[in-house]
Amino acid sequence: MKLLSVKEIAGLEADGRQVTVKGWVRTKRAVKSAVFLEVNDGSRLSNLQCVFESPEGEMAEELAKAGTGASVAVEGILIPSPAAGQRFEVRASSCRVIGEAPADSYPLQKKAHSMEFLREIAHLRPRTNTFGAVARVRNRMAFAIHEFLQAKGFNYIHTPLITASDAEGAGAMFQVTTLDLDRLAKSGGSVDYSKDFFGKPAYLTVSGQLNVETYCQALSRVYTFGPTFRAENSNTSRHLSEFWMIEPEVAFAELSDNMELAEDFLKHLVRTALCDCAEDLAFFDERIQSGLIESLKAVLDKPFAHMTYTEAMAILEQSASAFEVKPYWGLDLQSEHEKFLCEKIAGGPLFLTDYPKEIKSFYMKQNADGKTVRAMDLLVPRFGEIIGGSEREERLDLLEKRILELGLNLDAYGWYLDLRRFGTTPHSGFGLGFERLMLYVTGMANIRDVIPFPRAPRLADF
RNA sequence: UCCCCUGUAGCUCAGCUGGCAGAGCAAGUGGCUGUUAACCACUGGGUCCCUGGUUCGAACCCGGGCGGGGGAGCCA
């Protein structure tokens with residue numbers, strides 16, 4: 001008999017047909033005349049209830065071993081359930097315990113656990129309702145990202161994870177080396193990077209943007225989707241040292257095109273989650289964040305709000321007394337300001353544009369006012385920035401000038417500047433933090449709980 | 001990196017002014033005519049994070065260290 005998943009079995013007619021189910025026991029409940037086994041194989045949130053009527057002999061012995069966490073194979077017939085709680089169930093004729101999970105040492109119990117505790121057992125937490133649901137939604141969102149961009153003719157470009165260009169300028173980097181650090185430390189001498197693997201210092205990438213821009217200037221519509229690394233000593237519920245980022249880049253696109261793409265993109269992802277992950281989202285709505293589904297649906301209903309930095313600052317200054325940090329033009333927006341703007345003023349996602357050039361990256365296109373750049377951040381309620389992007393500076397002279405103003409090394413950007421020397425075009429792109437999307441869609445509170453194995457300062461277990 | 005909170009049974013926590021270590025859940029045993037976060041009864045279960053100090057006496061007070069959480073900054 002072909003093995004069907006619980007999800008596949010759930011799609012069958014409960015007409016007494018023979019089925020086999022293999023999975024892990026979530027709970028076992030016994031009454032005098034029957035044993036109820038809830039089996040889950042991760043194919044969906046709901047368990048499959050398997051009923052053993054008056055088990056005796058070998059079957060009773062097997063069931064005794066089938067505690068929470070044990071892997072089992074159950075055979076029986078699929079029938080409509082006579083009791084409330086589930087539409088169908090398996091009337092089991094046999095149970096085989098494949099791998100026991102001794103109750104006195106198996107960490108997961110048939111009760112709720114704290115997120116903090118589950119983080120300590122990251123190898124077992126996917127067996128919980130919450131982390132199973134997170135994994136399924138994460139999978140669906142990853143696929144939806146490709147679906148959306150591919151349908152729009154974007155090419156998926158694999159940008160490097162190791163970079164020796166030292167020109168990305170988006171934060172502290174992890175160094176990659178094969179030098180013998182212990183021996184170097186003992187010798188007390190200086191480091192000779194010509195002896196290192198790449199013949200010069202190398203790092204893990206903090207962004208694929210600069211690399212993907214090169215392919216943008218040939219294939220027009222491109223994106224990267226991969227891991228990025230930041231060695232910042234950030235200890236928050238919104239930052240990881242290793243996280244995944246989607247970075248589309250579009251040739252001949254201006255900032256307004258960029259925002260239109262970002263809005264369509266985010267709405268597509270939210271719509272897909274609501275549609276294809278309904279059971280998991282209902283769980284998040286009930287157990288993790290009340291009102292989640294309603295707020296996601298509301299996102300689809302209306303266009304995102306838009307505001308320039310200068311407009312936003314004027315609004316913030318009117319409510320200056322509400323803030324710890326007093327707002328003034330030129331200040332980089334604080335978390336409290338971002339939350340105020342999208343929660344109190346916009347009541348949903350909010351695009352902020354045209355930031356002062358001093359608080360944004362060198363590659364962003366300078367406005368005619370000489371003060372601001374064509375940057376855009378998409379802020380969302382609950383945690384602020386989910387997308388950061390800009391129209392890029394395509395004018396060689398202005399880009400070179402900005403690099404020098406910031407004290408950066410012009411030579412390091414040689415290949416990047418070539419894109420402006422040869423057939424330059426206006427172009428725009430943005431970065432969407434995948435785990436921040438996951439926080440947004442699932443309502444989970446901590447970014448460490450929406451990635452299987454979180455990496456953060458002093459956290460690299462498993 | 002900074003600020004605040006926190007560390008007690010497998011888990012979640014209580015433990016008052018320093019005076020014999022507690023509860024709920026989980027587990028085990030028994031009961032229960034279909035349970036579904038099952039229910040009822042009973043039972044077992046402790047390096048009170050580590051370390052130094054104060055004290056007749058420390059889970060409790062003080063110093064140091066380590067871990068966890070929340071917030072801030074950096075950002076996606």
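The figures here come from the full heavy-atom set of this structure, side chains too, leaving out hydrogens, waters and symmetry mates. Letters A, B, ... are given to chains in the order of the sequence lines, protein chains preceding strands, and every chain is numbered from 1.
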Is A/Glu394 salt-bridged to A/Lys365, going by a charged N under 4.0 Å from an acidic O?
-> yes

Please give, in whole Å, the distance from B/G73 P to A/Asp332 CG?
-> 9 Å

In whole angstrom, give the distance that lies between atom CD of A/Glu232 and atom P of B/U1.
-> 13 Å

Sticking with atom C1', work out how far B/C75 lies from B/C16, rounded to a whole angstrom.
-> 46 Å

State plainly whether the residues A/Glu279 and A/Arg136 are in salt-bridge range, i.e. N to O under 4.0 Å.
-> no

Look at the side chain of A/Asn446 and decide which nucleotide, out of B/G10, B/G70, B/A72, has an atom nearest to it.
-> B/G70

Between A/Leu108 (CG) and B/A27 (C1'), how many Å, whole number?
-> 14 Å

Hey, what's the ring geometry for A/Tyr440 with A/Phe383, parallel, tilted or perpendicular (30° and 60° as the breaks)?
-> perpendicular

How about A/Glu358: does its CD atom have over 12 heavy atoms from other parts shown lying under 6.0 Å from it?
-> yes

Expressed in angstrom and rounded to an integer, what is the separation of A/Lys110 atom NZ from B/C25 atom C1'?
-> 11 Å

C1' atoms of B/G71 and B/G15, separation to the nearest Å = 29 Å

Pair of N/O donor and acceptor under 3.5 Å linking B/C75 base with A/Ser234 side chain | no

Looking only at N and O atoms, is any donor in the side chain of A/Arg436 or the base of B/C75 less than 3.5 Å from an acceptor on the other one?
-> yes

Side chain of A/Thr236 (C-beta onward), nearest among B/A76, B/C74, B/G69 = B/C74

Could you please spell out the steps behind the salt bridge (Lys or Arg N to Asp or Glu O under 4.0 Å) verdict for A/Asp449 and A/Arg119?
-> CA-CA 7 Å; A/Asp449 298 328; A/Arg119 253 168 244 155; 2.6 Å; yes

Given Watson-Crick and G-U pairs under 3.5 Å, RNA chain B in dot-bracket ([ ] crossing, | other strand) is (((((((..((((.....[..)))).(((((.......))))).....(((((..]....))))))))))))....

For B/G24 versus B/C39, give the span between their C1' atoms, rounded off to a whole number of Å.
-> 16 Å

Protein N or O to nucleotides 31-34 of chain B N or O, pairs below 3.5 Å:
from  : atom 1 : to      : atom 2 : distance (Å)
B/C32 : OP1    : A/Lys32 : NZ     : 3.0
B/C32 : OP2    : A/Lys32 : NZ     : 3.2
B/G34 : O6     : A/Glu53 : OE2    : 2.9
B/G34 : N1     : A/Glu89 : OE2    : 2.7
B/G34 : N2     : A/Gln49 : NE2    : 3.3
B/G34 : N2     : A/Glu89 : OE1    : 2.4
B/G34 : N2     : A/Glu89 : OE2    : 3.1

Whole-angstrom distance between B/U12 and B/C50, as gauged at atom C1' = 23 Å

Between A/Phe225 and A/Phe434, what is the ring plane arrangement, given parallel below 30°, perpendicular above 60°, and tilted in between?
-> perpendicular

Between B/G69 atom C1' and A/Met444 atom CE, what is the distance in whole Å?
-> 15 Å

Looking only at atom P, what distance separates B/G7 and B/A14, rounded to whole Å?
-> 7 Å

Between P of B/C13 and CZ of A/Phe117, the distance in whole Å | 12 Å

Does the side chain of A/Arg238 get closer than 4.0 angstrom to OP1 or OP2 of B/G71 through an N or O atom?
-> no

Take A/Lys110 and A/Glu38 through the salt bridge (Lys or Arg N to Asp or Glu O under 4.0 Å) test and state the conclusion after the steps.
-> CA-CA 11 Å; A/Lys110 55 177 191 179; A/Glu38 297 272 352; over 6 Å; no

For residues 12-58 of chain A, pull every pair meeting ring pair (Phe, Tyr, Trp, His ring centres under 6.0 Å), keeping only residues two or more places apart or in separate chains.
-> none

Would one find a side-chain N or O of A/Gln334 under 4.0 angstrom from OP1 or OP2 of B/G73?
-> yes

Phosphate OP1/OP2 of B/C11 contacted by A/Ser114 side-chain N/O (<4.0 Å) = no

Would you classify A/Asp104 as touching base, sugar-phosphate or nothing, given that sugar-phosphate means primed atoms plus P, OP1 and OP2, and contacts are heavy atoms under 4.0 Å?
-> nothing

Among B/U1, B/C74, B/A76, the one nearest any side-chain atom of A/Phe243 is B/A76

Is A/Asn235 near enough to B/G68 that one of its side-chain N or O atoms lies under 4.0 angstrom from OP1 or OP2?
-> no

Nucleotide B/C13, atom P - distance to NE2 of A/His113 in whole Å | 13 Å

Ion pair check, A/Asp280 and A/Arg138, cut-off under 4.0 Å = no

Less than 6.0 Å separating the ring centroids of A/Tyr156 and A/Tyr223?
-> yes

Rounded P spacing from B/A58 to B/G19 in Å | 11 Å

How would you label the contact of A/Leu437 with the nucleic acid (heavy atoms, under 4.0 Å): base, sugar-phosphate, or nothing?
-> nothing

Which whole number of Å gives the distance between the P atom of B/G10 and that of B/C49?
-> 13 Å

Hey, does the side chain of A/Arg119 come within less than 4.0 Å of B/G69's phosphate (OP1/OP2), counting only N and O?
-> yes

For A/Ile145 and B/A76, give me the distance from atom CD1 to atom P, rounded to whole Å.
-> 16 Å

For the pair A/Phe430 and A/Phe265, name the ring-plane relationship: parallel under 30°, tilted 30 to 60°, perpendicular over 60°.
-> tilted

Salt-bridged, A/Lys339 to A/Glu336, with N to O below 4.0 Å?
-> no

Between A/Phe434 and B/A76, do the rings stack, that is, sit under 5.5 Å apart with planes less than 30° off each other?
-> no

How is A/Thr68 classified with respect to the nucleic acid when contacts are heavy atoms under 4.0 Å: base, sugar-phosphate, or nothing?
-> nothing

Between A/Asp377 and A/Glu120, which is nearer to the 5' end of RNA chain B once each is assigned its nearest nucleotide?
-> A/Glu120

Pick the C1' atom in B/G46 and in B/C20, then give their distance to the nearest Å.
-> 15 Å

For A/Arg287 and A/Met245, take the nucleotide of RNA chain B holding the closest heavy atom to each; which residue's nucleotide lies nearer the 5' end?
-> A/Arg287

Within the modelled atom types, does a donor on one side and an acceptor on the other bring the side chain of A/Glu116 and the base of B/G68 under 3.5 Å apart?
-> no

Among B/A27, B/C74, B/G69, the one nearest any side-chain atom of A/His239 is B/C74

